[in-house]
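Below is one structure, written out as structure tokens; comments come after it.
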Protein chains: 2
Amino acid sequence: MSDNNKVQDENHSFDTEFLEKLIVGIGEVSKITNIPTRQLRYWEDKKIISSLTEEEGKNRRYNYKNIKKILLIKELLDEGYSLDGAVKKIEKRIQMIESSISKIINKQ
Amino acid sequence: MSDNNKVQDENHSFDTEFLEKLIVGIGEVSKITNIPTRQLRYWEDKKIISSLTEEEGKNRRYNYKNIKKILLIKELLDEGYSLDGAVKKIEKRIQMIESSISKIINKQ
DNA sequence: TCATTTTTTGTAGATTATTTACAATTGCAA
DNA sequence: TTGCAATTGTAAATAATCTACAAAAAATGA
């Protein structure tokens with residue numbers, strides 16, 4: 001194995017660690033997804049999405065899975081679904097996303 | 001191609017977009033890397049690492065490349081390098097990391 | 001159309017997180 | 001031990017986010 005490939009492999013294993021540990025604030029999620037923070041909070045109020053908030057009043061934190069779901073909701077809204085419609089539609093795809101994340105993280 | 005594989009592919013192309021857009025605050029970087037915020041600011045003062053701060057006084061922002069470099073520095077310190085030593089050692093590996101990131105983002 | 005509901009958006013005042021800039025402390029090598 | 005490198009502490013100011021109110025806009029259905 002060449003030196004170069006070795007480093008690529010190190011990067012790969014780091015990336016899974018990276019995804020595992022990744023936790024992001026609402027401002028960054030807003031920039032990543034292009035959804036206003038106000039809207040993200042509203043969706044959470046309506047139980048459409050969730051975050052990792054430790055206690056009431058503390059800042060919201062989002063992991064990779066949270067962000068994935070947000071982007072999926074957004075996609076469905078763009079397709080014309082209502083929020084409730086999106087929630088109903090979403091179950092199957094969420095499961096696929098989760099199994100995909102689990103594959104990434106657990107290197108299965 | 002099965003439905004399942006299709007979704008996996010969608011996830012993959014999303015991930016590259018995700019990495020491209022990913023921007024993280026100092027608190028999150030601290031949690032991801034396990035390096036105190038105080039230390040991250042010190043390293044930046046000493047020009048060891050950099051961030052995407054828009055203006056003086058605004059909060060620091062870090063992208064994927066920034067975080068990669070921080071983790072690399074940490075690794076070298078653990079191996080016994082001094083900060084200056086790490087900076088000198090790092091050039092070649094930074095280049096490899098960058099080309100690796102560029103491959104991920106540009107799907108080359 | 002009109003009324004109702006859903007969804008987005010605005011904002012004030014309080015709180016949390018980060019900033020800079022000072023300095024103190026710790027660790028290490030000559 | 002002396003000097004430099006590196007980390008850590010902290011106060012006061014600012015930035016970002018919080019909740020809780022409400023208003024505006026968009027979608028739905030009679």
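As a basis for the values below, the full set of heavy atoms in this structure was taken, side chains included, without hydrogen atoms, waters or symmetry mates.
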How many Å lie between CD1 on A/I26 and P on C/dT16, as a whole number? 16 Å
In residues 40-52 of chain B, what residues come within less than 4.0 Å of DNA chain C, judged by heavy atoms? B/R41
Euclidean distance, atom CG of residue A/D84 to atom P of D/dT28 [Å, nearest integer]: 12 Å
Measure the OG-CG distance between A/S50 and A/N66 for me, rounded to the nearest 0.5 Å. 5.0 Å
DNA chain C nearest-nucleotide lookup for A/L83 and B/R61: closer to the 5′ end is A/L83
Working to the nearest 0.5 Å, report the span between CD1 of A/I67 and CD1 of A/I32. 4.5 Å
B/E28 has an atom CD; how far is it from atom P of C/dA17, in whole Å? 10 Å
In whole angstroms, the gap separating C1' of C/dT16 from CD of A/E55 amounts to 12 Å
Are a donor atom and an acceptor atom from the side chains of A/S51 and A/E44 found within less than 3.5 Å of each other? yes
In whole angstroms, the gap separating P of C/dT15 from CD of A/E56 amounts to 13 Å
I'd like to know if B/R61 pairs up with A/E28 as an ion pair, taking the criterion as any Lys NZ or Arg NE/NH1/NH2 lying under 4.0 Å from an Asp or Glu carboxylate oxygen. yes
Starting from the C-alpha separation in whole Å, work towards a yes-or-no answer on side-chain contact (heavy atoms from CB on, under 4.5 Å) for A/L77 and A/L83. CA-CA 7 Å; A/L77 290 197; A/L83 280 175; 4.0 Å; yes
For A/L77 and C/dT6, what is the distance between atoms CG and C1' respectively, to the nearest whole Å? 12 Å
Quick one: is D/dT8 close enough that its OP1 or OP2 comes under 4.0 Å of any side-chain N or O from B/Q39? yes
Heavy-atom nearest nucleotide on DNA chain C for B/Y62 versus A/G57: which residue maps closer to 5'? A/G57
By nearest heavy atom, map B/Y81 and A/K58 onto DNA chain D; which one lands nearer the 5' end? B/Y81
5′-ward residue of the pair A/T37/A/G80 relative to DNA chain D: A/T37
Double-helix bend of the helix from C/dT1-D/dA30 to C/dA30-D/dT1, axes at both ends from 5 pairs, round to 10°, gives 40°
CG of B/N59 versus C1' of C/dT18: gap in Å, rounded? 5 Å
About how many Å separate CD1 of B/I49 and CZ of B/R60, when rounded to the nearest 0.5 Å? 8.5 Å
Whole-Å gap separating P (C/dT7) and NZ (A/K74): 17 Å
Go through the steps to decide whether B/K89 and B/E79 satisfy the test salt bridge (charged side-chain N to carboxylate O under 4.0 Å, His left out), and finish with yes or no. CA-CA 12 Å; B/K89 178 78 178 179; B/E79 286 176 24; over 6 Å; no
Could you tell me whether B/R93 and B/E75 make a salt bridge, using a distance below 4.0 angstrom between a side-chain N and a carboxylate O? yes
Distance check, rounded to the nearest 0.5 Å: A/W43 atom CH2 versus A/I35 atom CD1? 4.0 Å
With hydrogens left out and only the distance checked, is there a donor-acceptor pair under 3.5 Å joining B/R38's side chain and the base of D/dT8? yes
